[in-house]
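Note that the numbering runs from 1 along the sequence shown for the chain.
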Amino acid sequence: MMPNVLKLNAHNYHQAYSIHCNGHSHPWSESVFADCFTDNYQAYALQHDDTVVGLYVALYVLDEATLMDIGVDAAYRGRGLSRVLMSHFLAQCTASDIHYVWLEVRASNLAAIGLYEAFGFEPLERRKGYYETQDGREDALMMRLTLNATE
């Protein structure tokens, strides 16, 4: 499978929004998702044939980017597609002269944490009770990757 990357906009985001909803216990509303097509955001989908199989949404401010969401449809997981999405995102960051990339991840999401660490992200902070769950709340890990910057 050779997927292609498609920039999301107000006209083509519906399949990607469905993946977002299916991947989260507390997804964003559709209006919040649609707001991610404004100036400071970048949103992309991974498409195979005419089917969207993954997505990411990022916010860019000055020389920093925050990965707001990344996900792959459950039927396509385990095929390295999250690596394709992450590689595309980080290439966009490099092209935009981003120095720091931030993200938050559920502390229990070991697959995602492994992906982020494989790309060089480092955990900086644990936020107690940050995410809602079916049974209460869960901690978040704040992670950062340094690109093109001197500290």
Side-chain angles (χ1 to χ4, degrees), residues 1-125 127 130-131 140-151:
M1 173 168 90
M2 252 339 263
N4 72 356
V5 180
L6 170 74
K7 188 167 175 72
L8 291 174
N9 60 47
H11 306 291
N12 69 357
Y13 73 87
H14 299 285
Q15 285 182 322
Y17 180 65
S18 179
I19 293 170
H20 166 79
C21 289
N22 291 330
H24 295 280
S25 61
H26 295 80
W28 300 334
S29 68
E30 188 168 351
S31 63
V32 167
F33 192 85
D35 281 345
C36 294
F37 309 122
T38 57
D39 290 344
N40 289 341
Y41 288 90
Q42 296 276 331
Y44 286 88
L46 200 57
Q47 192 173 37
H48 176 61
D49 296 328
D50 290 330
T51 303
V52 172
V53 298
L55 76 139
Y56 74 82
V57 177
L59 172 64
Y60 294 78
V61 178
L62 302 174
D63 66 346
E64 298 186 350
T66 301
L67 182 62
M68 305 296 291
D69 190 26
I70 186 169
V72 173
D73 184 275
Y76 292 87
R77 291 185 187 148
R79 302 180 190 188
L81 298 178
S82 58
R83 288 182 168 281
V84 173
L85 287 164
M86 185 62 79
S87 294
H88 185 272
F89 168 56
L90 294 177
Q92 294 292 109
C93 289
T94 299
S96 299
D97 201 27
I98 295 297
H99 293 177
Y100 301 102
V101 183
W102 300 88
L103 61 84
E104 292 166 347
V105 59
R106 288 179 184 271
S108 65
N109 192 342
L110 300 181
I113 293 167
L115 171 73
Y116 304 144
E117 287 177 340
F119 278 90
F121 282 85
E122 297 176 328
L124 292 183
E125 177 184 342
R127 294 184 174 176
Y130 185 79
Y131 287 110
L141 294 180
M142 173 67 87
M143 300 181 81
R144 183 181 77 179
L145 174 67
T146 301
L147 298 172
N148 307 319
T150 56
E151 294 200 64

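In Glu122, the CD atom is not crowded: 12 or fewer heavy atoms of neighbouring residues, nucleotides or ligands sit closer than 6.0 Å. Atom CZ of Arg127 has more than 12 heavy atoms from other residues, nucleotides or ligands within 6.0 Å. More than 12 heavy-atom neighbours from other residues, nucleotides or ligands sit within 6.0 angstrom of CG on Leu124.
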Between Val105 and Met143, is a side chain to side chain contact (heavy atoms under 4.5 Å, CB included) present by the stated rule, with each step listed? CA-CA 8 Å; Val105 59; Met143 300 181 81; 4.0 Å; yes
TODO: For the pair His48 and Tyr76, evaluate side-chain hydrogen bond (donor to acceptor under 3.5 Å, both in side chains) and give the outcome as yes or no after the intermediate values.
DONE: CA-CA 10 Å; His48 176 61; Tyr76 292 87; 5.7 Å; no
*Might you work through the side-chain hydrogen bond (donor to acceptor under 3.5 Å, both in side chains) test for Glu104 and Tyr130, ending with a clear yes or no?*
CA-CA 10 Å; Glu104 292 166 347; Tyr130 185 79; 2.8 Å; yes
Determine, step by step, whether Glu30 and Tyr13 satisfy the side-chain hydrogen bond (donor to acceptor under 3.5 Å, both in side chains) criterion, reporting the C-alpha distance in whole Å, the side-chain angles of both residues, the deciding distance to 0.1 Å, and the verdict. CA-CA 10 Å; Glu30 188 168 351; Tyr13 73 87; 2.7 Å; yes
Kindly indicate, with the supporting measurements, whether the criterion side chain to side chain contact (heavy atoms under 4.5 Å, CB included) is fulfilled by Asn40 and Thr38.
-> CA-CA 6 Å; Asn40 289 341; Thr38 57; 5.7 Å; no
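Between atom SG of residue Cys93 and atom CD of residue Glu64 there is a gap of 11.0 Å, rounded to the nearest 0.5 Å. Remark: Asn4 CG to Leu46 CG distance equals 7.5 Å, nearest 0.5 Å. Distance check: Tyr116 OH to Ile70 CD1 gives 5.5 Å after rounding to the nearest 0.5 Å. Here the CG-CG distance, from Leu103 to Asp69, works out to 11.0 Å after rounding to the nearest 0.5 Å. Residue Met68 holds its CE atom at 13.5 Å from CD of Gln42, rounded to the nearest 0.5 Å. The CD atom of Glu117 lies 9.5 Å from the CG atom of Leu110; values are rounded to the nearest 0.5 Å.
Between Gln15 and Asp73 there is no side-chain heavy-atom pair separated by less than 4.5 Å. Under the 4.5 Å side-chain criterion, counting only non-hydrogen atoms from C-beta, Phe121 is not in contact with Met142. Looking only at side-chain heavy atoms (C-beta outward), Tyr44 and Leu55 stay at 4.5 Å or farther from each other. Proximity of His99 to Leu147: side-chain heavy atoms (C-beta onward) are nowhere separated by under 4.5 Å. Here the side chains of Tyr56 and Leu67 are in contact, with some heavy-atom distance below 4.5 Å. Val101 is listed as a side-chain neighbour of Phe89, based on a closest heavy-atom distance under 4.5 Å.
Under the 3.5 Å distance criterion, with hydrogens and angles disregarded, no donor-acceptor pair is assigned to the side chains of His26 and Tyr131.
The nearest pair of heavy atoms linking Ile19 to Gly54 is CD1-N, 3.7 Å. In this structure, Ser82 and Val72 approach most closely via the heavy-atom pair N-CG2, 3.8 Å. Here the shortest heavy-atom pairing between His24 and Pro27 reads O-CD, 3.5 Å. The nearest pair of heavy atoms linking Ala107 to Ile113 is O-CD1, 3.6 Å. Closest of all the heavy-atom pairs between Ala10 and Phe37 is N-CD1, 3.9 Å. In terms of heavy-atom proximity, Ala45 sits nearest to Leu8 at CB-CD2, 3.7 Å.
Note: Tyr41 and Tyr60 fail the aromatic proximity criterion, with ring centroids not under 6.0 Å apart.
Proximity of a side-chain donor or acceptor of Asn22 to a complementary backbone N or O of Ser18 within less than 3.5 Å is detected. A donor-acceptor contact shorter than 3.5 Å links the side chain of Asn12 to the backbone of Asn9. The closest donor-acceptor contact from the side chain of His20 to the backbone of Trp28 lies under 3.5 Å. With hydrogens and angles ignored, the 3.5 Å screen pairs no side-chain donor or acceptor of Ser87 with any backbone N or O of Val84.
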